[in-house]
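Single-structure report; data block below.
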Amino acid sequence: MKSIRKFTVRAVVPARLGALEELAANLRWAWHEPTRRLFEQIDPDAWARSERDPVTFLGEIDPSKLEALAGDDEYVARADRERDALRAYLAEPRWYQGIDGETPRLVAYFSPEYGIAAALPQYSGGLGILAGDHLKAASDLGVPIVAVGLFYKAGYFSQSISSDGWQQERYPVQDPDGLPLSVLRRPDGSAVQISIALPGGATLAARVWRAAVGRVTLLLLDTDVPANADDMRGVTDRLYGGGSEHRLLQELLLGIGGVRAIRAWSELTGASAPEVFHMNEGHAGFLGLERISSYIGEGLGFAEALQLVRAGTVFTTHTPVPAGIDRFDRALVERYVTPELLPGVDPADALALGVEPGADPATSAFNMAIMGLRLAGHANGVSELHGRVSRRMFGSLWPGFDPEEVPITSITNGVHAPTWIDPALTALAERTLGTDDSEHADWLSPAVGDAELWAVKRQMRERLVGDARRRLAAAFVEQHPGASAPDWITRALDPDALTVGFARRVPTYKRLTLMLQDPERLTAILTDPERPVQFVIAGKSHPADDEGKRLIQQLVQFAARPELRERIVFLPDYDMAMAETLYPGCDVWLNNPLRPLEACGTSGMKAAMNAALNLSILDGWWAEYAAEDYGWVIPSADSAGDAGERDAREAAALYDLLEHRIVPAFYDRPAVDPVQSGYFERDADRVPAEWVRMLRTTLTRLAPELGADRMVRDYVERLYRPAASRFGAMVADDARAARGFAAWAAKVRAAWPQVAVLHVESGGLDQPAVGDELHVRAEVALGGLDAGDVAVELVSGRSTAADVLTDAERTPLAAVGGGSWEGTVTLDRAGSFGYTVRVVPAHPLLADPAELGLIAVAG
Ligand SMILES: *Cc1c(COP(=O)(O)O)cnc(C)c1O
């Protein structure tokens, strides 16, 4: 019989074990091993069944077990100690509290998805995991963040594979009462309800779930409340599901409702208002419009409010793939963006923010990334290469500026080490190096023996093999109800074989099936009797992406061949729980996207932190960190004639590396003196010395660069602090500076069509030589602006055959009256030299010369 309704009854924990409830209520357990061990010890089997989620776990274990434990003084004392440690973690000053100078009092972080723990599946892939890692690292560093997202009743989806290899999606419903969440309530006990206006006088209401992610508060909006009509209750049903109207409703709720939720939360907790708003991708872009609306309510005009919002807003773009960017029909957005939704905002002003540069404003799609960039005065990509790609991709928002000057910087993503480093590696660091901080430990130290490190690696590989067999058996039984799993599954994968991992979402550009380009060659690599290689593969395709599902099917069918199935496996339902054993269990982590479409990629970082070597196209993070000791570069065939040739060449390079470099490095194991090495030598025990040296170097030199702690510090120093100080300057004295700056920007914009460099003359150098000085005088038309409103600059550098300036330097020219500017540069190197003169707006509150997208160049 099926129940018609389901809810979770929270456990009643004996008073003496109150510490356990306090520990379960803060998601810090997701990355705090001692806390997890405290729970696990109560009942290891139930712990594993609960997916290691303390809240579910406490609800499921036998109450008599808890009663008995309450009498165990030693256990109770340990639980109390962990609780005290958590309290100290939450209260004590951390890195942020020691920074000199002004820092933002609060940063608001918006993301459509969060990957914090397997038990809270509110993510689809890298974007969400990154958001989770950002919050955890911010917590560890003491950065004051309040985060906002949506609570999706069915999360993303859970994947299984039919017997013909086709992806099946299931949407198991999450019960928030069984999760580490609590409803945001007023002191009288009533639940806070947020609402936004819909067309035709209706409203969309949401309750607010609150999660404690260490020191960070995460607010998740949930429309499944009685106040909503049935269809509106389902607005937050699924992540990235439904059509575009559904999606727009989610994003309106996230952006507008999210700001309102923070306001409600601040009023209840007395927290100060955020000075910085960070949009993790464009989905939350409407937050800027909600803030503009409220500043208009305080008496500012739209343009003034926009300047104020821009000053304190950070936008992070995450993808150069057009399909990854939300674009809505203009007519759809027009229907929703009403004065009731955003009081005081003229809908035409709001719609203009999403118009794509160069498109007809009347028909342009409404582009969320473009709106994000217009609402944020600070923007970044997520690796150096992605920063360069983004500057080109979005350059038309700053017409006339060279790509290098486009104000989009980059901060390379990082991963949260305490979440992702395997406890076995941490334990080894503790035992041998005396630190539990594996990320920053010196693994090159002789205190860690080669054999010890190798043994731990084997142990992690063995755990992956066991986990993979369990998953394969479960998948088989699901496909063949009533049957028992076949014998070969117990032999699938070998804990001593070179293990290559590949797991990611399955959009086409990630090329899941590149490895199948030459099936015979791959087969030979997999089935080598002496030196076998095994592949562990996983990944979900977006439910609407049949192309991706076909790729999965190809791979699943290849892996099903009887002669290969013990060497190449596809594991269904890639998620954080699988990732936890997958990265540590792999020796090599494979990544072969179409360069430069992988903005950063973080799975390879997690693998590196777990003593795996990377084998990757030079894209994303690997493009800036690749080095001989960290793995291998698959050369990109950028010059290939077509996509087919490119795939073939890159796949051939991949096989070459495996056959000639990777397999020998893994299997060539010089004999060691058993007496000196101190252990009895079997062949399998022999340590691949060169490989282990690479692992040590990767762990010691590379891992600390890849941490989310490094990333969050970069955000604080390079984006949050400048944004907060700019916002502070703009908002002071009833937004006096924002008003002045907006008026100035309007004046400059109006005058700009008349601004021109009329004439340039230079002191005639007959035979220029290094060391000579070039004097330049320029005559400039200002179209009614003052000399102080502009900067006139000499731009000089190498000049290519096509007269393009490269390595250009800018030298300010000085106003000498009468519409003229003058200055001098020294010719400091030989070779072709070119120069020009340009005019850009100048104002003390301008974040960047390109900010207004206005420029006038000579000639
Ligand atoms: C890290 C991670 C990702 C992101 O990996 P990419 O390399 O960026 O594709 C996706 N899913 C899970 C479960 C992860 O742990």
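Atoms within each ligand, like the ligands themselves, are counted from 1 in listed order. Any value given below was found using the heavy atoms of this structure, including those in side chains, with hydrogens, waters and symmetry copies removed.
- Using modelled atom types and a 3.5 Å distance limit, the side chains of Q159 and Q167 yield a donor-acceptor pair.
- Side-chain contact of R504 with S603: a donor-acceptor pair under 3.5 Å is present, judged by distance alone.
- The aromatic ring centres of H278 and F315 sit 6.0 Å or more apart.
- Contacts of D575 with ligand 1, taken as heavy-atom pairs under 4.0 Å, involve the backbone alone.
- Side-chain contact check for T419 and K136: at least one donor-acceptor pair (N or O, by modelled atom type) lies under 3.5 Å.
- For ligand 1, the atoms sitting less than 4.0 Å from at least one non-hydrogen atom of M576 are 13 (C), numbered in the order shown with element in parentheses.
- No heavy atom of R505 sits closer than 4.0 Å to any atom of ligand 1.
- For the residue pair Y625 and T412, no side-chain donor N or O sits within less than 3.5 Å of a side-chain acceptor on the partner.
- Only the side chain of A579 comes within contact range of ligand 1, with a heavy atom under 4.0 Å; no backbone atom does.
- Nearest-heavy-atom check against atom 3 (C) of ligand 1 across R504, H318, K606, M578 picks out K606.
- Distance from atom 4 (C) of ligand 1 to its nearest protein heavy atom, with residue and atom name: G126 CA, 3.5 Å.
- In this structure, the ring of Y715 has its center less than 6.0 angstrom from the ring center of H134.
- Each of the following atoms of ligand 1 lies closer than 4.0 Å to a heavy atom of G601: 7 (O), 8 (O).
- Among protein heavy atoms, the minimum distance from atom 7 (O) of ligand 1 is reached at S603 OG, 2.5 Å.
- For W589 and Y583, the gap between ring centers is short of 6.0 Å.
- No donor-acceptor contact under 3.5 angstrom links the side chains of H416 and D709, judged on distance only.
- Counting heavy atoms closer than 4.0 Å to ligand 1, residue T602 contributes atoms from both its backbone and its side chain.
- If you look at W621 next to ligand 1, there are no close heavy atoms at all, none under 4.0 Å.
- Note: Y240 and Y156 have perpendicular aromatic rings, judged against thresholds of 30 and 60 degrees for the angle between ring planes.
- Scanning all protein heavy atoms for the shortest distance to atom 9 (O) of ligand 1 gives K510 NZ, 2.8 Å.
- Nearest residue to atom 12 (C) of ligand 1 from Y574, W420, Y123 is Y574 (criterion: closest heavy atom).
- Considering both main-chain and side-chain atoms, E598 never comes within under 3.5 Å of ligand 1 through any nitrogen or oxygen pair.
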